[in-house]
Amino acid sequence: YYHLKIDGSGTKTLLGDIVVNGTLEFVKPGFVDLNGNDLTMNNWEDGNISPINTNNRYIMSHGGVFTINDVDNGETANFPIGFGTADDDFCGVDIKNTDGETRSFKITNICEGLYSDGTCGGTNGGTRATEHAVDITWFIESESTSADITLYWHKNKELPDFQTNAAALFHHEFFWTLQPAPGTVTNYGNDYRYKQGSVTGFSPFSVQDSESVLPIELVTFEAKAQENAVQLFWKTETETNNDYFTLYRSNDGKDFMPIAQVPGAGTSSHPNYYYHLDNSFYPGITYYQLQQTDYDGTQSNSKIIAVDV
């Protein structure tokens, strides 16, 4: 398609992938269910989707991928997207490209729930947040190294004690990492809010406050092979109520056993460096994972790393 108009009320369900090389317009209130199919927009220019950021005209991903290509530096890709058709289901995304190159952005999933491991449903052993956050996880991918992201949500998606005057975007790599400094959210319409932040990495994202589920800000977790051992190293930028780390080892990347417990720094606003020497590695490829435990028992797991010895 070049100009695609969505007319008529109700929900339109895709039966296959669609590519739009021009504009997408919602003529009347209604929804498009990707139904596991992909929607790709090429030749992006600001305003190619209209209207945007409304709670009665948007895309429901439902297993599909929503991609916007050819976003020039300074342009803003608009993703009107949501869970379903209820008044509080809209959770749109705006991404302004600021890295100097033409980039593509894609939303691969949006999940209700926020988990410490950065997955849908805590599939890597994560625990679900119960307070101080928005109960949504946005999965966004791009090769861009600099962008301004705006996330939208309905106030009904806010967990108890969420502080709207001290909120920020968080990005999950090893752990949930604060992107900009916390600040006040912006009200949008009667019941919606949004928060903007500048980011340098992608997928997944959340909105949390200054007392959120974030236990530490981990910036490095590495394993290096030595002659008769594996040197494990990790660095935190900040820590909040961090009791200890547990190192796990595996020979298949699935079944892990604990090999060491390392005390954390509690609460710290400066970088901390940690080391461990593993003399009992497996021949060939050995897998490692780092688990962090708070004073209250809350735990978060890092991504799995591997080293060939």
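Sequential numbering from 1 along the given sequence is applied to the chain's residues.
- Within the 4.5 Å cutoff, the side chain of Asn109 has no heavy atoms near those of the Phe66 side chain.
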Would Asn242 and Thr267 satisfy side chain to side chain contact (heavy atoms under 4.5 Å, CB included), going step by step from the backbone distance to the final call?
CA-CA 6 Å; Asn242 180 23; Thr267 298; over 6 Å; no
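- When only modelled atom types and interatomic distance are considered, Gln292 and Asp294 share a side-chain donor-acceptor pair under 3.5 Å.
- Less than 6.0 angstrom separates the ring centroid of Tyr58 from the ring centroid of Phe31.
- Not a single donor-acceptor pair under 3.5 Å links the side chain of Ser61 to the backbone N or O of Gly64.
- Taken to the nearest 0.5 Å, the CH2 atom of Trp153 stands 14.0 Å off from the CG atom of Asp88.
- To the nearest 0.5 Å, atoms CG (Asn21) and CG (Asn42) are separated by 5.0 Å.
- Gln291 contributes atom CD, which lies 9.5 Å from atom CD of Gln261 (distance to the nearest 0.5 angstrom).
- In terms of heavy atoms, Ala77 sits closest to Phe105 at CB-CD1, 4.4 Å.
- Here the side chain of Arg57 pairs no donor or acceptor atom with the backbone of Pro80 at under 3.5 angstrom.
- In this model, a donor atom of one side chain and an acceptor atom of the other lie less than 3.5 Å apart for Ser206 and Gln208.
- At a threshold of 4.0 Å, the pair Arg128-Asp135 counts as salt-bridged, since one of the basic side-chain nitrogens sits closer than that to a carboxylate oxygen.
- Across Asn48 and Gly22, no two heavy atoms sit closer than the pair ND2-O, 3.1 Å.
- A donor atom on one side chain and an acceptor atom on the other are not found under 3.5 Å apart for Ser50 and Glu25.
- Clustering ILVMFWY residues whenever any of their side-chain heavy atoms sit less than 4.5 angstrom apart, transitively, puts Ile110 in the very cluster that holds Val207.
- Here the side chain of Thr137 pairs a donor or acceptor atom with the backbone of Gly113 at under 3.5 angstrom.
- Taken to the nearest 0.5 Å, the CD atom of Gln226 stands 9.0 Å off from the CG atom of Asn279.
- Listed for the Asp38 side chain is no donor-acceptor partner under 3.5 Å among the backbone atoms of Asp17.
- The line from CD1 of Ile107 to SG of Cys91 is 8.0 Å long, rounded to the nearest 0.5 Å.
- Side chain of Gln231 to main chain of Lys224: no donor-acceptor pair is present (N/O by atom type, distance under 3.5 Å, no hydrogens or angles).
- Annotation: Phe162 is not in aromatic contact with His132 [ring centroid separation under 6.0 Å not met].
- A ring-centre distance under 6.0 Å is not found for Tyr274 and Phe233.
- No side-chain donor-acceptor contact under 3.5 Å links Thr13 and Asn35.
- Side-chain atoms of Asn73 and Asn97 form no donor-acceptor pair, as typed in the model, at a separation below 3.5 Å.
- With no hydrogens or angles considered, a side-chain donor-acceptor pair links Asn187 and Arg193 at under 3.5 Å.
- For the atom pair NE2 (His62) and CG (Leu14), the distance works out to 12.0 Å, reported to the nearest 0.5 Å.
- In this structure, the side chain of Asp209 does not engage the main chain of Ala167 through any donor-acceptor pair within 3.5 Å.
- For an aromatic pair to be called close, the ring centres must be under 6.0 Å apart, and Tyr192 with Tyr152 fails this.
- Evaluation of the salt bridge (Lys or Arg N to Asp or Glu O under 4.0 Å) rule for Lys106 yields no partner, not counting sequence neighbours.
- Between Ser146 and Asp99, the side chains place no donor N or O within less than 3.5 Å of an acceptor N or O (distance only, hydrogens not considered).
- Judged as a salt bridge (Lys or Arg N to Asp or Glu O under 4.0 Å), and not counting sequence neighbours, Lys12 has no contacts.
- Using a 3.5 Å distance cut-off with no hydrogens or angles, the side chains of Asn301 and Gln289 do not pair a donor with an acceptor.
- Judged by distance alone, the side chain of Thr150 and the main-chain N or O of Gln196 form no donor-acceptor pair under 3.5 Å.
- Under the 3.5 Å distance criterion, the side-chain polar atoms of Asp161 are left unmatched by any main-chain donor or acceptor of Glu131.
- Phe26 and Ile59 make their closest contact through CZ-CD1, 3.8 Å (heavy atoms, listed as atom of the first residue, atom of the second, distance).
- Aromatic pair Tyr273/Trp234: centroids not less than 6.0 angstrom apart.
- Side-chain contact of Thr11 with Asp33: a donor-acceptor pair under 3.5 Å is absent, judged by distance alone.
- The pair Lys235-Glu222 fails the salt-bridge criterion, with no side-chain N (NZ, NE, NH1 or NH2) lying under 4.0 Å from an Asp/Glu carboxylate O.
- Around atom CG of Asp7, more than 12 heavy atoms belonging to other residues, nucleotides or ligands sit under 6.0 Å away.
- Under 3.5 Å, the side chains of Asp278 and Tyr288 contain a donor-acceptor pair of N or O atoms.
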